[in-house]
Amino acid sequence: MKNIRAAVAELHAELVRYGLVVWTAGNVSGRVPGEDLFVIKPSGVSYDELTPENMVVCDLDGNLVEGEHAPSSDTAAHAYVYRNLPEVGGVVHTHSTYASAWAARGEAIPCVLTAMADEFGGEIPVGPFALIGDDSIGQGIVETLKGHRSKAVLMQNHGVFTIGKDAKAAVKAAVMCEDVARTVHVARQLGDPLPIAQDDIDRLYDRYQNVYGQRSPR
């Protein structure tokens, strides 16, 4: 538990570092391995005040289990994702500028960059409009991403939610989502971006997921 608290607290600094959040908006959560619990940012606490000690622990129904602060206002959405996608170990939410601009238009980001094929395996889809406060947002995230290779969803008129095998992977997906959203936006100002053939997307995704980087010897 202590390690997860520390990791989740530290990862919020990456959201600030990459310019994905302003003020206290946005959050990271991480599932506690082997338990039906997750750690999430407290509501309304500024990023420079976050510590492992003031992270909060919730059960998979979003109920506060441990901590002196109220959990993030997005807790119900995170909890719904953890309940319904057991392979997910981390969830991130941001209102990053370019990705949220696509969300405001209700438009998926087309897969026109090899980096998108690598990380997301295709387009970054749009999820339905949903009001904050209950698990409606979580339902939209799960409905959109279940069976989809993308680790990011643009919730219409709202912002970005990303998932990953752990909190760090979900943060990476949020960083990459904003990066490609910006690049594809710029490309569209210059003309029509060229699509990548599905077979090539599949090859790129397979290579990045299974070959790229350092691999442990078997």
Side-chain angles (χ1 to χ4, degrees), residues 1-18 20-96 127-146 148 150-153 155 158-175 177:
M1 183 76 74
K2 184 177 180 181
N3 290 342
I4 297 292
R5 280 175 171 272
V8 170
E10 290 171 6
L11 283 166
H12 282 87
E14 298 300 298
L15 303 187
V16 176
R17 176 186 175 194
Y18 286 98
L20 305 186
V21 295
V22 295
W23 204 240
T24 61
N27 39 71
V28 178
S29 71
R31 189 192 292 268
V32 179
E35 299 187 50
D36 290 334
L37 301 170
F38 65 97
V39 174
I40 193 167
K41 175 184 177 291
S43 180
V45 177
S46 64
Y47 286 91
D48 57 3
E49 295 176 354
L50 295 180
T51 66
E53 291 71 32
N54 63 22
M55 292 295 104
V56 295
V57 181
C58 295
D59 64 23
L60 298 193
D61 291 317
N63 300 310
L64 181 65
V65 172
E66 187 178 312
E68 298 180 359
H69 296 79
S72 165
S73 57
D74 294 300
T75 295
H78 288 243
Y80 190 90
V81 172
Y82 288 126
R83 286 200 309 274
N84 290 276
L85 297 176
E87 71 277 14
V88 170
V91 179
V92 171
H93 174 47
T94 78
H95 302 145
S96 60
F129 176 79
L131 292 174
I132 196 168
D134 57 20
D135 61 14
S136 297
I137 292 173
Q139 292 178 37
I141 296 167
V142 171
E143 288 168 6
T144 306
L145 293 185
K146 207 161 194 178
H148 203 292
S150 178
K151 297 297 186 288
V153 55
M155 293 301 287
H158 187 174
V160 182
F161 281 84
T162 61
I163 59 176
K165 64 180 181 180
D166 53 29
K168 184 177 181 179
V171 169
K172 179 192 175 187
V175 172
C177 180

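Below, all heavy atoms of this structure are taken into account, side chains as well, without hydrogens, waters or symmetry copies. Along the sequence shown, residues carry numbers from 1.
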Exercise. Does any non-hydrogen side-chain atom of Met1 lie less than 4.5 Å from one of Val39?
Worked result: yes
Exercise. In Å, rounded to the nearest 0.5 Å, how long is the span from CD of Glu10 to CZ of Arg5?
Worked result: 13.5 Å
Exercise. Any idea how Phe161 and His158 line up, ring-wise: parallel (<30°), tilted (30 to 60°), or perpendicular (>60°)?
Worked result: perpendicular
Problem set entry | Asn54 (side chain) donor-acceptor with Glu49 (main chain) under 3.5 angstrom | yes
Problem set entry | Side-chain donor/acceptor of His95 to backbone N/O of Val160, under 3.5 Å | no
Exercise. So, Thr162 side chain and Lys151 main chain: donor-acceptor pair closer than 3.5 Å or not?
Worked result: no
For this session: Output all residues satisfying ring-ring contact (aromatic ring centres under 6.0 Å, His included) with Tyr80, sequence neighbours left out; order by chain, then residue number.
Result: none
For this session: Decide side chain to side chain contact (heavy atoms under 4.5 Å, CB included) for Val175 and Glu14; before the verdict, give the C-alpha distance in whole Å, the side-chain angles of both, and the deciding distance to 0.1 Å.
Result: CA-CA 9 Å; Val175 172; Glu14 298 300 298; 5.7 Å; no
Exercise. Quick one: does Arg31's side chain have a donor or acceptor within less than 3.5 Å of a partner on Val88's backbone?
Worked result: yes
Problem set entry | Verdict with reasoning, Leu15 to Val171, per side chain to side chain contact (heavy atoms under 4.5 Å, CB included) | CA-CA 7 Å; Leu15 303 187; Val171 169; 4.3 Å; yes
For this session: Please round to the nearest 0.5 Å and tell me the distance separating atom CD of Glu53 and atom NE2 of His69.
Result: 11.0 Å
Exercise. Got a donor-acceptor contact below 3.5 angstrom from the His12 side chain to the Val28 backbone?
Worked result: yes
Exercise. Closest heavy-atom contact between Ala167 and Val92?
Worked result: O-CG2, 4.4 Å
For this session: Show your reasoning for whether side chain to side chain contact (heavy atoms under 4.5 Å, CB included) applies to Thr75 and Phe38.
Result: CA-CA 10 Å; Thr75 295; Phe38 65 97; 3.8 Å; yes
For this session: Would you mind telling me which of Ile137, Thr144, Val142 makes a side chain to side chain contact (heavy atoms under 4.5 Å, CB included) with Val153?
Result: Thr144
Seminar exercise, completed: For Gly67 and Val56, the nearest pair of non-hydrogen atoms, with its separation, is CA-CG1, 4.2 Å
For this session: Without swapping roles, check the side chain of Tyr47 against the backbone of Val22 for a donor-acceptor pair under 3.5 Å.
Result: no
For this session: Work out which heavy atom in Thr94 is nearest to a heavy atom in Leu20; give both atom names and the distance.
Result: CB-O, 3.5 Å
Exercise. Is any side-chain heavy atom of Asn27 closer than 4.5 Å to a side-chain heavy atom of His78?
Worked result: yes
Seminar exercise, completed: Of all heavy-atom pairs linking Ala79 and Gly62, the shortest is CB-N, 3.7 Å
For this session: Find out whether Ser29 and Asp74 are in side-chain contact, i.e. whether some heavy atom of one side chain is under 4.5 Å from a heavy atom of the other.
Result: no
Problem set entry | Nearest heavy atoms of Cys58 and Leu64, plus distance in Å | SG-CA, 4.2 Å
Exercise. Which is it for Met155 and Ile141 under the side chain to side chain contact (heavy atoms under 4.5 Å, CB included) test, yes or no, and what are the steps along the way?
Worked result: CA-CA 8 Å; Met155 293 301 287; Ile141 296 167; 4.0 Å; yes
Seminar exercise, completed: When every non-hydrogen atom of Gly164 is compared with those of Ala170, the smallest separation belongs to N-CB, 3.8 Å
Problem set entry | Asp166 side, atom CG; Lys172 side, atom NZ - distance, nearest 0.5 Å | 11.0 Å
For this session: Return yes if some donor-acceptor pair links the side-chain N/O of Asp134 with the main-chain N/O of Ser136 below 3.5 Å, else return no.
Result: yes
